[in-house]
Structures are given as C-alpha cells and as structure tokens.
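Every chain is numbered from 1 and lettered A, B, ... according to where its sequence line falls, protein lines coming before strand lines. Predicted model only: the values in this text are computed from it and were never measured.
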Protein chains: 4
Amino acid sequence: MTRKLRWGLVGGGVDAFIGAVHRHAAALDGQYDLVAGALSSTPERSQISGQVLGLPEDRVYNSWEQMLERERMRPDPVEVVSIVTPNHMHFPVALAAVQAGFHVICDKPLVHTSEQARALEAAVRESGTLFAVTYNYSGYPLIRQAREMVLAGAIGEVRKVQVEYHQGWLAREDQGKQAAWRTDPALSGPAGALGDIGTHAEQLLSYVTGQDITSLSAELTSFVPGRAVDDDANVRLRLSGGARGLLTCSQVEIGRENDLRLSVFGTLGSLGWCQEDPNVLIFDRLDQPRQILTRGGPGLGQSAQAATRLPAGHPEAFVEAFGNIYRDFAAHVRAQIAGKAHSPAYPTIADGVRGVEFVEAAIESASSGSWVNLPR
Amino acid sequence: MTRKLRWGLVGGGVDAFIGAVHRHAAALDGQYDLVAGALSSTPERSQISGQVLGLPEDRVYNSWEQMLERERMRPDPVEVVSIVTPNHMHFPVALAAVQAGFHVICDKPLVHTSEQARALEAAVRESGTLFAVTYNYSGYPLIRQAREMVLAGAIGEVRKVQVEYHQGWLAREDQGKQAAWRTDPALSGPAGALGDIGTHAEQLLSYVTGQDITSLSAELTSFVPGRAVDDDANVRLRLSGGARGLLTCSQVEIGRENDLRLSVFGTLGSLGWCQEDPNVLIFDRLDQPRQILTRGGPGLGQSAQAATRLPAGHPEAFVEAFGNIYRDFAAHVRAQIAGKAHSPAYPTIADGVRGVEFVEAAIESASSGSWVNLPR
Amino acid sequence: MTRKLRWGLVGGGVDAFIGAVHRHAAALDGQYDLVAGALSSTPERSQISGQVLGLPEDRVYNSWEQMLERERMRPDPVEVVSIVTPNHMHFPVALAAVQAGFHVICDKPLVHTSEQARALEAAVRESGTLFAVTYNYSGYPLIRQAREMVLAGAIGEVRKVQVEYHQGWLAREDQGKQAAWRTDPALSGPAGALGDIGTHAEQLLSYVTGQDITSLSAELTSFVPGRAVDDDANVRLRLSGGARGLLTCSQVEIGRENDLRLSVFGTLGSLGWCQEDPNVLIFDRLDQPRQILTRGGPGLGQSAQAATRLPAGHPEAFVEAFGNIYRDFAAHVRAQIAGKAHSPAYPTIADGVRGVEFVEAAIESASSGSWVNLPR
Amino acid sequence: MTRKLRWGLVGGGVDAFIGAVHRHAAALDGQYDLVAGALSSTPERSQISGQVLGLPEDRVYNSWEQMLERERMRPDPVEVVSIVTPNHMHFPVALAAVQAGFHVICDKPLVHTSEQARALEAAVRESGTLFAVTYNYSGYPLIRQAREMVLAGAIGEVRKVQVEYHQGWLAREDQGKQAAWRTDPALSGPAGALGDIGTHAEQLLSYVTGQDITSLSAELTSFVPGRAVDDDANVRLRLSGGARGLLTCSQVEIGRENDLRLSVFGTLGSLGWCQEDPNVLIFDRLDQPRQILTRGGPGLGQSAQAATRLPAGHPEAFVEAFGNIYRDFAAHVRAQIAGKAHSPAYPTIADGVRGVEFVEAAIESASSGSWVNLPR
C-alpha cells in the first residue's frame, strides 16, 4: 500500500444517513482520506459537519461549486469526489466534477432523465475520469458468487428472474427529512420507489444474470393519498439473453425493513439470496438436495473470496458490501495512476445510465399500458 | 356424535397421490366411512384398489356411471361423493352426482370452462345438494386467523395483496403420471400451472381479504419446450374492495417444493404466511415490533381455535388443513340432515366458479395483452 | 388389505389431549377400528365419551378391569389396547392387559420404577404379546433418515450428541388438568420434566445414534416454588459406542412451545433436526457446503421414504409421525397373526424400560452429585 | 470532533485474521489513527506489514519492547496500544504497556493464570490507564438491548441462562496457523475451546444478566486424538443473583461456523439471540405472542440505539459490534483527557480477570469432578 487517496464529499453532512454510510464504507479498508467537503446545501451546516468530521478548516466549503473550483487549484486536490446529495443535484455536480477532471462516486438513481444520463456518460468518456454508481448491493460477496455461478452455467440457461424489494417506511403520509425529498419529484426525479429502490433491483438482476432488460411492462401505484410519485411498482421484464423477469418494489409494506431478495431460475438449477440474510446463498439443482453456500464457507469461487473480509460465521453485512464498491473503485484509480489496465469490478456510469432508462421506460409503460423497449 | 357419513370416491385409486390425501383427511376426525368407489377409469384397477382399501366387494364399481346408478338404488346409499379424478372428468361426474342428489366434494380447478361452471352451479342450486371444492389451503388455522383479522380491521384498509405459489417439479420435459395429465389440455383444461396452483392462490387471496378479483392483466409462459399449457403465470389484480394484487405461480422453479405464500398489506399493518411453515403467522403493525402468532398459541381468535387439533408446538400441517374442509363439510351435511341452518366454513361451488372465471380471464388477458374484467 | 384391527382405549376421553392424538394417529391409515373403551376413571365420563366417539353401547366400560375382563370373553375381542392414562395407571393396566393376552400400545414414561418396568417386560416376554411405547418422535421420517445415515457411517464415528427439549407451559404455578397430574409425583412418578419430555429426548438420541446411555451425571431443578418434581434437567451422558452426550429439558422456558432438537456430531459430519420444523434435516460434512434434506425430497433412504405419505413441500407433522408408530405396530400385529417373522420398527417395551432406568439414574445422580451407571 | 487518537498495534500483521478485524473496527468511526506497530514477532514480517499498512517507516518496530520504549520518548506517542498477539504474549506486553502509561485494548482470554490477571489488574489500578478486553460480542446493539431489558425487569427474575458457542473448524487434527497456536498450551494457555470461545460465552451471560458466576461444575473433553487442550466444554453454573446457567462450547461440531447463542429465561418472559443473525432479538412473555425486536426497529431502548449506525433492515454485523468496543473506549480516553468522569461501556480489565478465573475454576472442576467456587 502506498498513500491513501484524497477524498471529498458533496453532501453527506453529519445528520445524513447515506453520508455516514459512505464514510464508514470508505474508512473500512483505509484507502481514502477524507480531506474536503461541501457537506450541505446550507453553508452553516456544512461548516458544522466539517468540524465534527475533523476536516481542515480551509477545505470545508460553502457550496459544491466552490469546492470543485478551489480544489482544482490546489497542489494536492481531492482525487475522488463522492456525491451523496438528494437526486436532483446528482446531474449538475457530477457533470461539473467530471469536467473538472475528478473521479466520481455517485449515488443512485444517477440522474433524472436519460438525456442527462447520456450527457453525463459522454462527459465521462471525454474526460477519461472514472465513475462509480453506488449500486451497493452488487458488492455483497454472495451476489458476486451468484453472478460467477450463473455466468459459468451452474444453473443452466436462465429462464426467469424474480427480484423483489420490500420496504414499509413510507406507508403513511410523509414524515421526516428522508421521506420528504424522496417523495418530491423536483428532488427525487420522476419516480419514487421505482427510482429509490427499483433501480437497485434492476441493477442487481442485470449484474447477476449478465443480461440487460430489453423491454418491460410496468404498473406503478401511489398508495398513500396525495403522494406525487409512485410508492409501489410491479414490472414484467424481457432480458437480453432471452430470460423473463419479474421486478417488484414497494415502500408501503408495513413491517418490511429492507427486504431485497433475488431468485434466478435456470434449466438446471436455481439460486436464491436475501439482503437481510446476506451471508447465505441457496443453491438448488435438479434432483439434488439443496445446498447452502455461506460467505467464507466451502465451495465459493474467486469473486466471493476476493470480496470477503471475515471468516465464515463472523457475519459481514451492509457496510462491507458498500465498502467493496469503494475498495474496487480505489483499485481502479490506483491502476489508472500507475498506468495499468484494469477491469472495473464496481458499477459504472453505464449501469447508472441503464437505471435511468429503466425508470423512464417503466413510467412510459405504466402510462400507456403497453410494453416498452429500452434503448439499445 | 352419531353415525359416520357414508362416503364414496370417484378416482383416487391406491396409486393416486390426491386420493390418499382425501382418505387421510376424511379419516382424521372419524366423520366418514368409505363404503363405495369407482376408483379408476380402468375397471381392473378399480377392483384392485377397492380390495386394498377394504371396500365391500359389491360396492367397488367399474365406472362412475355404474356407481351413481347403483348407489341411488340402495337403501343405504353413499351420502357424499368425492371426485378426485383428473380435471376433465370433474364436470360430467359432478353434474351427474349432483343431479342424482348426492353431496359432492370436488377437486380444483372445478371444470374446464365457465359455461360448465355455471351449468354446474345451476344444477347444485336446483338439487339442493351441498358442494365443496377442495381449496384445502383455506383450511389452515392461521389462514382462518388471517381472514378473521383482516375482516376485523386489524391491518386497516387492505391496499395490496401478494400471493405467490412456487413449485419446481415440472421444470423439465414431463415425466410421470402426475405430470402427464397436468400438461395435456384435454385432461387438465386450458391452463397448466395457472389452473393447478394459480387457482389455489386466487382462492386464498379472496378468502383472506374478503375481496374478489374484478379485473386482471396476465402474462402466461410455457418455459419448457413443447409444453402445451402454461407453466408460469404472473397476474396483476384489482379487487372488489379497492385493493390491488399480484399473483404469481410457477412449476418450473427448481428447488421450490410447494411454496405458497401470502402477504396482505393494509394501511395499519400487514400479515404474512407461508404454507411450508404453516404454524406461524407474521403480524406487523405501524411502529410496533413484529408479532409472531402461532397455531395454538396466545392471541388467536375463534376461527383459528376451532380449526386446531393439537397444542402449540405440536405442528399440524397439510392433512389437518385438508381435514378441516372435510370436517366442515360433514358439519353442513349433518346440519342439513337435521334440518338446521348452517353457514358453510368450507369453499363452495361459488369459489369453484370464480376459479374458472379467473383462469378464463387470465388466458384472455395473456392473449390480448389487455386488462380483462371478471363477470359480476 | 384385509379387515381393520379391533382396537380399545383405556383413558383418552373426549377432553383428553393425548387421547385425541392417539385416535387421529390410528385413524390416519385406516388400520384400526375403535370398538371399545374405558375412557375415563369416572364411569359417567367414560359413557359420555363413548357416545361422542360412536362406540357400541355395550363396549363402553366403566373401568379398565371391566373392559379387559369382558373383552376377553367376547368372540370378537379387541386385539390392541392403547393406554393413554396419567402415568401412575400405566403399570397396573399394562400388566393386566399383557397377562390377558392383548397387544398393548402404552404412553411414556412407561412406569414409575425400574422394578415395575422389569416386571412388565417379563410379562410381555411370557405372554408373547406385542408392546409399543409411544415415543412418537422416532416416527418422524427425517429422524429415521438420520438414524439410517448415522448407522451407515455418513457422519463417521459419533463423537457427541446434543438433545434439547424446551417447553415453557409450566413456567408458573400449576394450572389446568394437564399440569396438575404432571406435577403430582403420585400420578406422574418421581420425575417431572425429566419423565414427561426428558424420556423422549433420551429415546430419540439412542434411536438415532444406535447407542444406549451407559452412565450419566444429572442436575435437576424445580424452578417454580412449591413444585414437588423437577421442571428442568441437565444431564451429561456417556453412550455405549463411546460418544458423549448432553441432554437438557425444561418446562419453564417461557415462549418455547415444543422445541425438541437433536444434533449429532461425528468425525466426518453432523446432522441436525428440530421437531417444530420436522420436514428438514441439516447435513453437514467436512469442507462441503451444507445440505438440506427435505422429507419427500431427493437424497433420502428407504426408511424415510417408507414413513412418508405426502410429496415434498406438502408438510407432514406430528400426527403422521405418531401415526407411523401405529402403522408400524399394526404391521407387526398382522405379521404375528399371519405367523410371519417381523422386525419391529416402533419403540418397544425395551425402549420403555430404558427410559425408566434413565429417569432413576438421573434422580440418583442429581441427589448424590456423582456419575451413575445404568443397568447392563 | 477533535483529532484522532494515536494508535499502535502489537501483533496483527497483514496475514493475521484478528489484526484486520481490529483495524476495520477502529477505522469504522474515524476515531483512531494507526501510527505505529510491532506487527509480528519476526522483524522482517513486521516491516513488510508496516509498509502494506502505510505506517511511517520509523514507527514500524522490530519488537514490542522497542515499540513501547521508543514511543514513550516521542513527543507524539501512541495513546492507545492494541494487543492482538497469541494469548501467551498478552501478559508481558499488557503489563509493560500499562506500566509505561499507555491505554490498552487487549484480546481475550486476558492472560494464562489468575495470578497474572490479578497482577495486571493491580498494575492498571496503579497506573490509572484505561484497559479494554475485546469481548466484542457485548458490542452488539441487541445484546445491549437484552441487558437493558433484563436489568429493567422485562422478563421478571432471571431463573436460567443458556449460552452456547458452537464451532466446527477444529474438528480434525490441527491444520493451519490459527489452529496451531490455539491448541498449543504454551501459546494458548491451559484451555482450548474453553479459553478461546468459552470466555466469550461467560462474559456474554454475565453482561446480559448482570450476574457473575459464583460456582460451576465443568466437563472438558478433547475429542480430537492427541490434542493437548480441551475442544469441547459443558459447564453448569450458579450465578450471583440466584439464577442457574448452562454454558456449552465446542470447536469440533462440523458445520457450525460461529454459532454463539444466548437464551435468558425469567419468571415473566425470556429473551433469545444468535450471533449469526444478530439483528434480531426474540422476546417472549407469558401468554403473549412472541415479539421480534430488530436493530433499528421500533421498541428499542437507549443503549441499543446508541450502538446502532444503520437503519433497520440494513444489516449491521460483526465489525460494527467490534467497532462499538473501540468507539466506547475512545470516548473514555477522550473523557479522561478532558478530565471528565465517564462510565465505561466496554468490557474492562475486571471482565478479563473474571474470564481467567472462570477458566481456572472450570479446569479444576473438570479435574476433580466437583463443583468449584469462583473467587469473590
């Protein structure tokens, strides 16, 4: 190991849930040194957060514009900028950061429209910077194991994927800050649950199957009276490799915490995984007893082992999976600094673009009642 | 208790899975005496089965027509006829039995077409006989508890129901007798998985919510090459009380045995239940810790207690639930004999008719790509 | 199949939990015809129960002595007598029934003292009648699978067995009829939890490992103030094949229903099973992913298949396991009638005797604080 | 927040499992800055590890003696020293570190003998330094919840505690570095499984119940041929508040990963928790349905909330629990620096001493076959 990467945050002040997650995830492996931040849209809050986080006084900025501008001028600028703001700020901040030459780690959904997404993708291509989207669930070791197994043919040809994302915390009229911006289309974008958690589900199924969504039929519902965005979605899918899929997500299912679950069914077997019990992967094969693969246990492949920190039975969970995205990104940044080729193990701008296209297609389908093709 | 009811079987010879289930279920409470049978479409098999089952020689019949005719003439005829044949025989046998004045217990799906269903329903009305359809999953004590709670408002207004029925035993080209007739439209009817297990799911959600399906949008798939009926279905629902629903079923999901699960989400709480773990009902309420209700345990209502035979922790399962349908039916038959009014606790011909209408609507929707309304 | 076996009950009136269990278990396979009973120690109750159960009036007896005497005189006497009374009646009734030449099915614990146990064993030997003890948990298909696997060496040499039996229904001062006799030494015998459920645990571990207990060190506790018998036991074991064991049981663990669980650890693997989830057997092997064996599923041996009635995923439970004891006993009775050799698959008088010896040794050890050897 | 605490490691080179755990745990909250280390007993390895970890070259030491000596002389010495060596080094390093005035975080079991333990405790008292023992399982939020509930009387008076710690990774002759030192009494101390995991179990039960062990009766076994220390233990307990207990641990149970589980039974209710499913606490009360408390969910008290980083359903696990010990210790160090009183939330030297006394008493009891009292 050499020095830590210099890292800055846009958003993620001390009272922000997701900001703390990014800090814990980045801290885990000691690859990042948090040295700068525009931690809130309110300058005073940014300053307070900067103090609490122990940032150097002169690198706590009052706005993201100021941060990007001043950091560029420094001899030791931040190398990686993480964007952990409400959704509507992703596009302007990410675009500016990329154009300023910073590597970017951005929350999902990437941006509000596919037009923005393509513009940002073009900017990334042009600048040559690296760009990760924190589809963190693809950082779980057993999700990587599932992908490795599916691609190696362990369950035969994939016939069907079912991905479900159940939450209940928005089951009533909105309350609290986290709820407020997520149900305001100006801040969250055109989708509610679909964008907030449906995109996780979409990326997870594509990641594990190696197949993209080619067309879909969606039903979107706003169960809570007065809500301006969907809080429940139900999407039928066709995938690029010929499989069919079912994606459901909801934020009004009382009692469900963060219940993301994936089942992949093939001609020879199937795999099952649940985010709330992430150290277990269920593996079924025709005419054979069920196998339970455990993180750190026997029978795992290279990708799961590389994403594992602790021995079997010493449970890893959300923060390690999120940390794997950060660690993978650091590896790519270091490879680029060293001028070495590197294949990204983390979700890239391309995954982010597909997520936005997925949301747009689903909204169009729900509105028209017809199947809608995705671009490409 | 008085005497046992005289009971006859059409179908259900000794090598038939479902015949044994009916016999175990009927035996459990000692309410039925099996005295006659036309146990197979092949006379020799009927005779052998009759011997094995210890039936009187003169009441083992070579055909169901013979059985109905001769039993009518006896001074001590069977009072209840159970029909446990492949689906295509349900209609002729049931119609004749009803017209001959026998009470009938019939397997699901009731018949092949809604025309047949309505004809049969009319015959039942006319004859005044009793008619049960073995939607056996509604016999589980905790399903009855769930219904009682939903109707009492324990979870508020129902917003959404998700019912899933996962099986994997038809994941490859058909093999074996059970598979053969289920995938031959001449015998199984126009639907495959949708009829065989989707109708269970449909009845379960209506039973628990007290709401019927009013319209639906279905996607049906035949994943196994060459299969003439669907083996996977995915149906969006609108219910009569305003709720929305999602019903999925499949018989190609390798590793899934008989994984029927139901979730009901309301404005104040939710309920969850799985057939493979049937002694547990999950009860969630806004801002409260999850409660686990167990069969025989504290906190249950009248309907669950009435359907329970063993103390908590001494698991009951499939046969007791099935037996509850038989026990409930016997109670109605005895009430009718005694000239007493009785409200049926078992699924009736009306449930059977709705199942057939559901199947027809789903097939029409899958074909047209549009939402389809159900009758009434 | 030929005729049903003629069957009589001592105890087990309509308000008795365990009587209903025996009736359901016997009914399941249609092997028994309940024709006589001395159903309660109170003649009026016996008569009422006889009516409810539909027994012929002249075969509802006012006492077990009367029943044995009169049935002996009939041309069509009962062939099998089940004894489902409180424990203190097991010895006199069983001894008299055996001496009168009836086959007997008796509840556990067999009798109060090892002296009684040996006297009864001698009487059985002398009379040549068959005798089952309803250690019903050994009737579960996956327990039979576990035994078959252990004896076949699937987990190598057994090192250690842990068997636990957790209940909570006696956590406070006694209430109700079931509790009353179980905590009165005159009726229950010298042991409380140890006799009521500890003997199940003892038999289960011996059955699955094929090893008897040779010595033990016990700690017995009465947690509930004023209770005259133990309500919690903790026993260290040495087994005849060299393994060590730990047996714990309790009836004061609030929240535990009927949580009997068994783990067997060998040099090459291990097996785990829980009574409340009885359709699953966990199989672990050195350096291999865990396997989940399911009743009716792939990978099972002959003994599990023979004890199974329903396909995988259609859960069987307590009543089927209990019914397997009854079915196995019927097979033996029929074999004896036919003059054929037969190896009993059910727990015999020898198991019953060992249970009593286990209880006596545990009480002696708890009193002396020392290890105690069991006879033989 | 002010500056990070200056932190040094003794042991914990890059190939050491537990070293990585300490680094991740310390990193999580950004409270520590790793600035020095004697990372291996082999100087070359220490140097390589220091490089990989990015330590300043002049603060990578060839021995712990060198580290303590030189750091003392610096103007910016380490403030906290973590000792993550094999057990036999805990005593000399901890004693020297304490005497040199460093705060210490030490792995368990604390030392080999109670004599050493008391000497170390005296040294801590004399020096006024702070001392934590990484009984990390007491850092789990729901364990803190359980303690808070038990102490508040939520389950009434505690009657019985059962704590089990099941592992299987030492089921055969030793292999690998982790196994080698753990089964060599010169390095691990007089106990094997009892010291390595039994002490965790002992501390957990005392922590949750608020009761210390007063006497015990132990059975220790070495199942693997030739093993010089126990690999399985079974201990009966009496606790200071009058409760009884059962503690079992094993490292030869094939298939068990790190299966630590705790059940506490009181006169009014009970609590249950498993380390491999740590976000769930089971709460049972007399005559009430079971409640499932979840980390981050409704119904939790202050101590659990303070130990929680992520919302419900975003699972936390091993590293966060371990991190809580580090975070709690940092809070105490900062309070001491600030001259403020502070009540330690982490396990202290006193817990460490009790663990050693527990081990000694268990070994004496296993040898004598008698109950043994613990000091105090």
J.: Please flag which part of A/W169 lies under 4.5 Å from any non-hydrogen atom of chain B: side chain, backbone, both or neither.
T.: neither

J.: Report which part of A/S217 has an atom under 4.5 Å of a heavy atom belonging to chain B: side chain, backbone, both, or neither.
T.: both

J.: Check whether A/L268 gets within reach of chain B through its side chain, its backbone, both or neither, counting any heavy atom under 4.5 Å.
T.: backbone

J.: Determine the minimum heavy-atom distance between A/D232 and B/K160, stating which atoms define it.
T.: OD2-NZ, 2.6 Å

J.: Against chain B, label A/E164 side chain, backbone, both or neither, depending on which of its atoms sit under 4.5 Å from a heavy atom there.
T.: side chain

J.: Side chain, backbone, both or neither: which part of A/Q288 has a non-hydrogen atom closer than 4.5 Å to chain B?
T.: neither

J.: Would you call B/D287 and A/R172 a side-chain contact if the rule is heavy atoms closer than 4.5 Å?
T.: yes

J.: Out of A/I282, A/V252, A/T221, return the one with the most heavy atom pairs under 4.5 angstrom to chain B.
T.: A/T221

J.: Verify, without hydrogens or angle tests, whether A/R159 (side chain) and B/A171 (backbone) share a donor-acceptor contact under 3.5 angstrom.
T.: yes

J.: Taking atom types as modelled and ignoring hydrogens, do the side chains of B/R256 and A/S263 form a donor-acceptor contact shorter than 3.5 angstrom?
T.: yes

J.: Does this structure show an ion pair linking A/R244 with B/E219, if we count only N-O contacts that are shorter than 4.0 Å?
T.: yes

J.: So which of B/G269, B/G266, B/S250, B/S270 has the biggest tally of heavy-atom pairs under 4.5 Å with chain A?
T.: B/G269

J.: Got a salt bridge between B/E257 and A/R290, using NZ or NE/NH1/NH2 to carboxylate O under 4.0 Å?
T.: no

J.: Nearest 0.5 Å, what's the OG1-CD1 distance between B/T267 and A/I254?
T.: 6.5 Å

